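Reading through the structure tokens given below for one structure.
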Amino acid sequence: FNFNSKRVVSCKASNGKQNDADHTSFLNRFDRRDILLGLGGSLYGATSLVRDPFALAVVPIEPELSSCGESTVDTGKTCMNVPCCPPKLKDSKIIDFEPLLGRKIRYRPAAHLVDCNYLYKFELAMERMKALPVDDPRNFMQQANIHCAYCNGAYSQVGFPDQKLEVHYSWLFFPFHRMYLYFFERILGKLIDDPDFAMPFWNWDSPCGMTMPQIYLDPYSPLYDENRNLEHQPDVLVNLNDGKPFLKPKKTDDFYELTKREQIKSNLYVMYQQMVRSAKTASCFHGAAYLGGCESETDIGCTPEPRGGTIENGAHIAVHKFVGAKNPPYNEDMGNFYSAGRDPLFYAHHGNVDRMWNIWKTLQGKKRRDFDEDVWLNSSFLFYDENANMVRVKVRDCLDSKTLGYDYQSVDIPWLRSKPTPRRSRPGVGRGQDQGQDVLARRKSKYLRRFPIVLDKVPVRIEILRPKKPINKKKDDKEEVLVLQNIQLDRNDSVQFDVAINDDEDDDNTCKPEDAEFVGSFSNLPHGDNCHSEAMLSTNLYLPLSEALEDLKIPSEDRFIVVTLVPKEGEVSIGNIKIDYVC
């Protein structure tokens, strides 16, 4: 992905909820420069570098319509400007959003389950949308440009003309895309005179939906897009961990089916990791706080690298990479933010992303609830509705899909039954069984590493001391977190490495998402912005350990945990690794 990085800001000002142990917001306690959420990771971090806790105002994000300019696409070597702004308003009126009341709930179907009658209506609606005048804001390309404008720097923020707006890699990701699809769907329904029409979703989290849906593959259909990776056509399965296709062997004997089952199994464990194991709070699932305004990049709390939640940084990006064409340097259409909306498959993909938001709030855990910060709830976006009226929508308007009049077809969720299991055949290092001084000395010398660690080709193991568990707070409010600090890499490089704990040191096969030892991944997609920022990226990674420690039966009395870093792609250096407790 290539996108224009934005400056963002965190605020230390009090909102009266610092002492609420169950409150999920990190707004008052964490600086965004300390936060990175990896694939399967979590969102934690703290800093003491606060000059003045009231120096920055808590301001919701809002696009400045009058400032809309060309979006920027940057590969690190060249810059490309793309016109993505919406048509000018016929008048100056902007309508505040109100849900349509008194209508029955419409159910979005799984794309691989639709019948011929549904497909006919869907193709007719899409054909008519593409046939609208080019200056009609409901035209398909104008709708695609909405994503481009909000994701590649076309808008500045209201009140902060020097600050660009970006809806990815923050807590704005789910609300923006929900309402983007909502109005797109209403326009389709208007064009076929069916207000109850519902778009399909790509059910990529279920075995039957892990290939590109067939309805989007007919070259003569308005649902087709020529800018896709032709090597990833069915029956190639999507890889939800990193977007790279699984190796597909020949269909001989039982080897193919066995391999296919292994591919499906891996995807289901990835989904469990991103939805259950590593997404226990709103901050984990939605991503980091993103507030309006920032005087300069040197201000405390400002950073050009916001980070998103588990699904956004995980399966969401993996599917984008899987579909996008192999057209360096831009990888259109799905492989780049500015062009992703030009592929009709984009809307089915994000339908399933939106479905994950609905599912997440039904999972067990008292902290699986949305933020209640006004600064989040009052952030807003602008869309054109089915009557070509511009509508202002706030985050608080879109928290419940049923209030908006839609839900999703009920399908099986097999990844809920895909809890990882330990793969160790013997007690692992760090379990506390070896207590002799000679053994401890031997372990320390074997896993002693000097920082920074350069990770490029071979796995690295290092023993990390666990701090004493705090005793002044409730047990349920404490999360043991693995912290990788000062991760240095070239922002234009594609980088990924996996992280495991107490993995079997004598096993040459590194652990996978189905193993309880696997705790997450770090991933960077090329998003160079040499026109506006330095090429090197420095960031941190926070991975929750509590459930992994429980699955591996590692007692709190164990003093050490052995961390294994497994490089998958690119080169990266890590400045320090530690374990901390975060509420």
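Because the structure is a prediction, the values reported are computed rather than measured.
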Heavy-atom pair with the smallest gap, counting every atom of [X] and [Y]:
X      : Y      : answer
Asn203 : Arg355 : ND2-NH1, 3.4 Å
Arg277 : Ala516 : NH2-O, 2.8 Å
Arg461 : Val562 : CB-CG1, 4.2 Å

Does the distance from a Lys or Arg side-chain N to an Asp or Glu carboxylate O, for [X] and [Y], drop under 4.0 Å?
X      : Y      : result
Lys361 : Asp400 : no
Glu480 : Arg466 : yes
Lys419 : Glu514 : no

Parallel, tilted or perpendicular: rings of [Y] and [X] (30°, 60°):
X      : Y      : answer
His316 : His320 : perpendicular
Phe337 : His168 : parallel
Trp376 : Phe371 : perpendicular
Phe322 : Trp202 : tilted
Phe176 : Tyr150 : tilted

Could you tell me whether a side-chain N or O of [X] sits under 3.5 Å from a main-chain N or O of [Y], the two making a donor and an acceptor?
X      : Y      : result
Arg368 : Ala279 : yes
Trp171 : Tyr290 : yes
Tyr269 : Lys512 : no
Ser266 : Gln263 : no
Ser379 : Ile61  : yes
His286 : Ala282 : no
Glu166 : Asn152 : no
Asn378 : Asp374 : yes

Would you say the side chains of [X] and [Y] form a donor-acceptor pair under 3.5 Å?
X      : Y      : value
Asn352 : Asp205 : yes
Thr564 : Asp503 : no
Asp370 : Trp357 : yes

